[in-house]
Number of protein chains: 2
Amino acid sequence: MRRNKKERQALLTATINENPFVTDEELAEKFKVSVQTIRLDRLELSIPELRERIKTVAEKRFEDEVRSLPLDEVIGEIIDIELDQSAISIFDVKEEHVFKRNQIARGHHLFAQANSLAVAVINDELALTAKANIQFKRSVKLNERVVAKARVSKIDENIGRTFVEVTSYVNNELVFTGDFEMYRSKTN
Amino acid sequence: MRRNKKERQALLTATINENPFVTDEELAEKFKVSVQTIRLDRLELSIPELRERIKTVAEKRFEDEVRSLPLDEVIGEIIDIELDQSAISIFDVKEEHVFKRNQIARGHHLFAQANSLAVAVINDELALTAKANIQFKRSVKLNERVVAKARVSKIDENIGRTFVEVTSYVNNELVFTGDFEMYRSKTN
DNA sequence: CTACTCTTAGTACCTAGTCATAAGATCTCG
DNA sequence: CGAGATCTTATGACTAGGTACTAAGAGTAG
């Protein structure tokens, strides 16, 4: 395992990259050099210490979590709402929403925006989607901003259903339409 | 901010849970008690020290890095697939997928599972959803396992469309159906 | 042989703790 | 009101996994 400096440093980078949880002591053993040498190497390669490495990994996870949590609330940001009437939300298409191959947004994100807007517009504790009829008019690309508009078209108190039409646009160009039949509780 | 022990410990747990990157010193300041008190609290509540907390967060990220890649591709786990024929995926409903109020899964997750399965079953580089007609037959609850089955019903080479029917079940009980009209590129 | 790089060693210091002990502060109950 | 229990704070010794700096020996090239 004893190699020259260059080789060792290359391997060191690779090793730490693969497993950032490795200590200097373990690395020293692996490469049969002293701990100090490892530290000099890290210094030269500007690789931070174990704790810093772990911290950045943890922080990244945390960031991701924050991004994935709004997936639990409303997809997109509601910018206007009149209960039982209409609502508007915007949704910015980021890396994590598109197919890597062609940068086109996955359909379920557009659906999610529209569906959660349909849920939000209903003035009720409990609103669930019963049926939906949707059309993807044109594909949405990375970094585009989707504006979804929901309009309540009919409220049928008898069968406890509310009908919501959602249309989504990118730069005033229609990209998605959906007719949602929403179930609403009669508990209020 | 000075409270009795019970209150403080409850808040402490919540605070650390929300932001595991907080040190004992910061917590001491926040609750206007000494660092030692915070340490006794952590001991009683068996909350590990900062570095251990950060480490477990980082380790989790590392573990599900492998899992999160397919998760970004397909919602749910594909357990069987025959391209251009049929496919099956399972999706376990967790905390983050349900409405807090009633523990019912948000519709867009069921849609996402079905939609991404419809995308996956198509033997093509580029498959996009053009239209979909969906019905939520009964609500799905927390911790239920949804099995989605996709079946390709028709391939129209002329207009470049593939029709996929997806049915989702919980314990053999139908919870969701969807008819997807998928756009497929003619490039291959 | 000298000059240079590379490697190793050692010391002081740091953070964010643990563990144990002791003592002061508060509360509770008889 | 006072004694005992509980809670809080302080102190000291020790830990991992480092940084920063100085110093010295080994190996090699010119």
Side-chain angles (χ1 to χ4, degrees), chain A residues 1-69, chain B residues 1-69 95-96:
Chain A
M1 249 305 166
R2 188 109 199 188
R3 293 174 149 86
N4 67 29
K5 196 179 174 182
K6 231 173 180 173
E7 268 187 311
R8 189 190 56 232
Q9 292 196 344
L11 262 172
L12 190 83
T13 313
T15 307
I16 292 177
N17 235 306
E18 192 192 306
N19 169 211
F21 299 89
V22 66
T23 65
D24 287 357
E25 210 173 324
E26 288 163 353
L27 289 165
E29 267 176 58
K30 174 165 182 170
F31 295 113
K32 303 289 173 211
V33 292
S34 72
V35 174
Q36 283 75 7
T37 303
I38 296 295
R39 288 183 179 159
L40 276 173
D41 284 348
R42 276 200 301 103
L43 200 74
E44 282 180 38
L45 301 164
S46 40
I47 297 169
E49 62 165 292
L50 170 69
R51 284 162 176 168
E52 289 306 313
R53 295 195 303 264
I54 289 181
K55 206 172 162 187
T56 50
V57 172
E59 275 163 354
K60 264 188 214 150
R61 182 194 159 85
F62 228 67
E63 279 166 30
D64 290 352
E65 214 143 80
V66 179
R67 249 188 312 193
S68 74
L69 254 171
Chain B
M1 247 307 164
R2 189 108 198 190
R3 293 173 151 83
N4 66 30
K5 197 179 173 182
K6 232 176 180 171
E7 268 187 312
R8 190 189 56 232
Q9 292 196 346
L11 262 172
L12 189 84
T13 313
T15 307
I16 292 177
N17 233 308
E18 193 191 305
N19 170 211
F21 298 89
V22 66
T23 64
D24 286 358
E25 209 172 325
E26 288 164 351
L27 289 165
E29 267 175 59
K30 174 163 182 171
F31 295 113
K32 302 289 173 212
V33 291
S34 71
V35 175
Q36 284 74 6
T37 303
I38 297 294
R39 288 184 179 158
L40 276 173
D41 284 348
R42 278 200 300 100
L43 200 73
E44 282 181 37
L45 301 164
S46 40
I47 297 171
E49 62 165 294
L50 170 70
R51 283 161 176 169
E52 288 306 312
R53 294 196 303 263
I54 289 181
K55 206 172 163 186
T56 52
V57 172
E59 275 163 355
K60 263 188 215 149
R61 183 195 159 85
F62 229 66
E63 276 168 32
D64 54 41
E65 206 139 86
V66 187
R67 252 185 311 193
S68 83
L69 264 172
E95 286 286 351
E96 63 265 34

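Letters A, B, ... are given to chains in the order of the sequence lines, protein chains preceding strands, and every chain is numbered from 1. In this text the structure is predicted, and so the values were computed from the model without any measurement.
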S.K.: Please test B:Arg42 against B:Glu52 for salt bridge (Lys or Arg N to Asp or Glu O under 4.0 Å), starting from the C-alpha separation and ending with a verdict.
M.R.: CA-CA 13 Å; B:Arg42 278 200 300 100; B:Glu52 288 306 312; over 6 Å; no
S.K.: With a 4.5 Å heavy-atom cut-off, do B:Val33 and B:Ile38 have their side chains touching?
M.R.: yes
S.K.: In whole angstroms, how far is the C1' atom of C:dC6 from the CZ atom of A:Phe31?
M.R.: 17 Å
S.K.: Send over the distance from B:Ile16 CD1 to C:dG17 P, rounded to a whole Å.
M.R.: 9 Å
S.K.: Let me know the distance between CZ of B:Arg39 and P of C:dG17, rounded to the nearest Å.
M.R.: 6 Å
S.K.: Return the polar atom pairs (N/O with N/O) between nucleotides 13-15 of chain C and the protein under 3.5 Å, or none.
M.R.:
| residue | atom | partner | partner atom | Å |
| --- | --- | --- | --- | --- |
| C:dT15 | O2 | B:Arg51 | NH1 | 3.4 |
| C:dT15 | O2 | B:Arg51 | NH2 | 2.6 |

S.K.: Which atom pair, heavy atoms only, marks the closest approach of B:Phe21 to A:Lys55?
M.R.: CE2-O, 4.3 Å
S.K.: Measure the distance from CD1 on B:Ile47 to C1' on C:dG17 and round it to the nearest whole Å.
M.R.: 15 Å
S.K.: So B:Thr15 and B:Phe31, do their side chains get closer than 4.5 Å, heavy atoms only?
M.R.: yes
S.K.: Rounded to the Å, how far apart are A:Leu27 CG and D:dG17 C1'?
M.R.: 12 Å
S.K.: Measure from CD on B:Glu25 to P on C:dT18 and round the result to the nearest Å.
M.R.: 14 Å
S.K.: Among C:dA16, C:dT18, D:dT8, which nucleotide sits nearest the side chain of B:Arg42?
M.R.: C:dT18
S.K.: Heavy-atom distance under 4.5 Å between the side chains of B:Arg53 and B:Val22, does that happen here?
M.R.: yes
S.K.: Starting from the 5' end of DNA chain D, give me the residue, A:Pro48 or B:Val35, whose nearest nucleotide shows up first.
M.R.: B:Val35
S.K.: For A:Val35 versus A:Glu25, what's the shortest heavy-atom pair and its separation?
M.R.: CG2-CA, 4.1 Å
S.K.: Consider the side chain of A:Leu43, meaning its heavy atoms from C-beta on, and name the nucleotide among D:dT9, C:dT18, D:dA20 that approaches it most closely.
M.R.: D:dA20
S.K.: Taking the minimum atom-to-atom distance to the side chain of A:Arg8, which one of C:dT7, D:dT9, C:dC19 wins?
M.R.: C:dT7
S.K.: The test is side chain to side chain contact (heavy atoms under 4.5 Å, CB included); show your working for B:Arg8 and B:Thr37 and say whether it passes.
M.R.: CA-CA 10 Å; B:Arg8 190 189 56 232; B:Thr37 303; 3.5 Å; yes
S.K.: B:Gln36 has a side chain; which of D:dT19, D:dA10, C:dT8 sits nearest to it?
M.R.: D:dA10
S.K.: By nearest heavy atom, map B:Lys55 and B:Ser34 onto DNA chain D; which one lands nearer the 5' end?
M.R.: B:Ser34
S.K.: Rounded off to whole Å, could you give me the CG-to-C1' distance for the A:Asn4 and D:dA26 pair?
M.R.: 16 Å
S.K.: Output yes when at least one side-chain N/O atom of A:Thr37 is less than 4.0 Å from OP1 or OP2 of C:dT7, else no.
M.R.: no
S.K.: Can you tell me how far C1' of D:dA5 sits from NZ of B:Lys5, to the nearest Å?
M.R.: 12 Å
